[in-house]
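For reference, the structure is listed below as structure tokens.
Counting starts at 1 for both ligands and their atoms, in listed order. Worth saying up front: this structure is predicted, and the values here are computed from it rather than measured.
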Amino acid sequence: MAIDIAVVPVAGLGTRLLPATKSQPKEMLPVGRKPVVQYVVEELARVGLKRLLFVTGPGKASIENHFDLNGELIQTLRETGKEELLAELEFERAAMQYFYTRQRQLLGLGHAVLCARPFVGQQPFVVALGDSIIGMHAESDVVRRMTRCFEEHDAAAVIAFEEVSPKEVSQYGIARPRTSGDVFEIADLIEKPSPDEAPSNLAIAARYVLSPAVFDALATTTPGKGGEIQLTDAIRAMLRQGGRAYGVRLTGGERRYDIGNFDAYFQAFVEFALADPRHGAALRRHLEDLLHVPHA
Ligand code: UTP
């Protein structure tokens with residue numbers, strides 16, 4: 001059966017983005033015109049996933065509201081002659097069914113994924129982090145490449161990877177590849193290594209395809225860094241038990257925009273705003289003036 005479930009964890013507190021995230025989810029912060037999580041959902045809908053489970057928590061209701069049909073707003077736009085704005089609400093009609101569950105204790109990403117167990121049951125599924133966009137306009141089909149790899153290799157896990165600079169390896173889970181190429185077998189994963197210890201510069205990039213066996217692995221994973229149950233630790237446990245895991249590299253245009261800290265968030269916002277068909281050119285001129293760069 002084709003993989004059609006995506007689990008999108010959005011329960012985290014986003015403390016690195018305080019005060020912006022004090023009373024609004026970081027996944028709802030806009031990057032250009034849209035909230036981050038809308039790009040994530042559009043990417044998943046485009047590659048044919050049909051059921052999406054948000055793992056949410058307190059203060060995340062605006063995510064649920066965002067993906068509801070808002071009849072009143074549609075009516076108001078019609079009555080006030082703003083029909084052209086209806087196009088901005090097209091995403092509400094994506095062929096996606098939404099489900100929600102709560103992570104009642106914030107015990108980390110691995111624990112958030114474990115909360116999806118009763119919904120997912122005994123089938124493989126996709127995990128997409130709700131605070132990371134893949135590719136400008138989220139036009140990536142990496143998840144499709146990953147589900148194909150998962151099925152071809154009868155894998156326990158397939159993970160997206162992005163090449164990062166040596167000084168960045170200490171921020172990510174890093175692959176120790178067993179083979180080379182755009183799709184490679186993973187020998188091991190090293191969580192946040194120093195540049196000297198890093199076995200590669202391939203960093204986990206916010207998308208996973210997982211076998212349901214990961215739930216047993218998560219249920220027996222002891223909390224690691226910061227008292228959190230790490231998804232990476234559960235995948236390593238599956239590797240130790242003889243499961244096979246593969247990496248799929250992001251290609252050229254598929255940069256990962258993780259908005260988890262202000263540097264990355266500001267950069268993502270500026271890049272997306274500059275690429276905006278209507279407002280990008282004016283912003284470019286403004287930035288050139290600010291930075292005293294001659295207009296091109
Ligand atoms: P992060 O670890 O980057 O998010 O998780 P965080 O904990 O919200 O951020 P900081 O460190 O406090 O700034 C990546 C994704 O996983 C979700 C987050 O909502 C985010 O989308 N997550 C994280 C959960 O759903 N539950 C958790 O317990 C942790």
So, is [X] polar-close to ligand 1, with some N/O to N/O distance under 3.5 Å?
X	value
Leu17	no
Arg16	yes
Thr15	yes
Ala112	no
Gly12	yes
Gly260	no
Val55	no

Exercise for the section: Give a yes/no on ligand 1: does Lys26 have at least one heavy atom closer than 4.0 angstrom to it? Expected result: yes
Exercise for the section: Please state whether Glu27 comes within less than 4.0 angstrom of ligand 1, counting heavy atoms only. Expected result: yes
Problem - Apart from Leu13 itself, residues in the same hydrophobic cluster as defined by side-chain heavy atoms under 4.5 Å - result: Leu106
Of all the non-hydrogen atoms in the protein, which one sits nearest to [atom], and at what distance?
atom	value
atom 17 (C) of ligand 1	Pro9 O, 3.7 Å
atom 14 (C) of ligand 1	Asp131 OD2, 3.7 Å
atom 16 (O) of ligand 1	Leu109 CD1, 3.8 Å
atom 25 (O) of ligand 1	Ala11 N, 2.9 Å
atom 8 (O) of ligand 1	Gly14 N, 2.8 Å

Completion exercise
Restricting to heavy atoms, the pick from Gly108, Gly226, Ala128 nearest atom 28 (O) of ligand 1 would be Gly108
Problem - Of all pairs that satisfy ring pair (Phe, Tyr, Trp, His ring centres under 6.0 Å), the ones with a partner from residues 13-58, not counting sequence neighbours - result: Tyr39-Phe272, Phe54-Phe67, Phe54-Tyr100
Handout entry: Close-contact set for ligand 1 against Gly130 heavy atoms, below 4.0 Å
Key = 21 (O)
Fill in the blank from the handout: The atoms of ligand 1 lying under 4.0 Å from a heavy atom of Gln103, numbered in the order shown, are 24 (C), 25 (O), 26 (N), 27 (C), 28 (O)
Exercise for the section: Would you confirm whether the ring centroid of Phe161 sits within less than 6.0 angstrom of the ring centroid of Phe184? Expected result: yes
Exercise for the section: Taking atom types as modelled, find out whether Glu43 and Ser140 have a side-chain donor-acceptor pair closer than 3.5 angstrom. Expected result: no
If we ignore hydrogens and angles and just use 3.5 Å, is the side chain of [X] paired with the main-chain N or O of [Y] as donor and acceptor?
X	Y	answer
Asp141	Arg144	no
Gln24	Thr21	no
Glu168	Ser165	yes

Completion exercise
Between Phe119 and the options Tyr98, Phe99, Phe125, Phe215, the ring-ring contact (aromatic ring centres under 6.0 Å, His included) test singles out Phe99
If you measure from the Lys or Arg side-chain nitrogens to the Asp or Glu carboxylate oxygens, is any gap between [X] and [Y] under 4.0 Å?
X	Y	value
Arg255	Glu271	yes
Asp188	Arg240	no
Glu162	Arg249	no

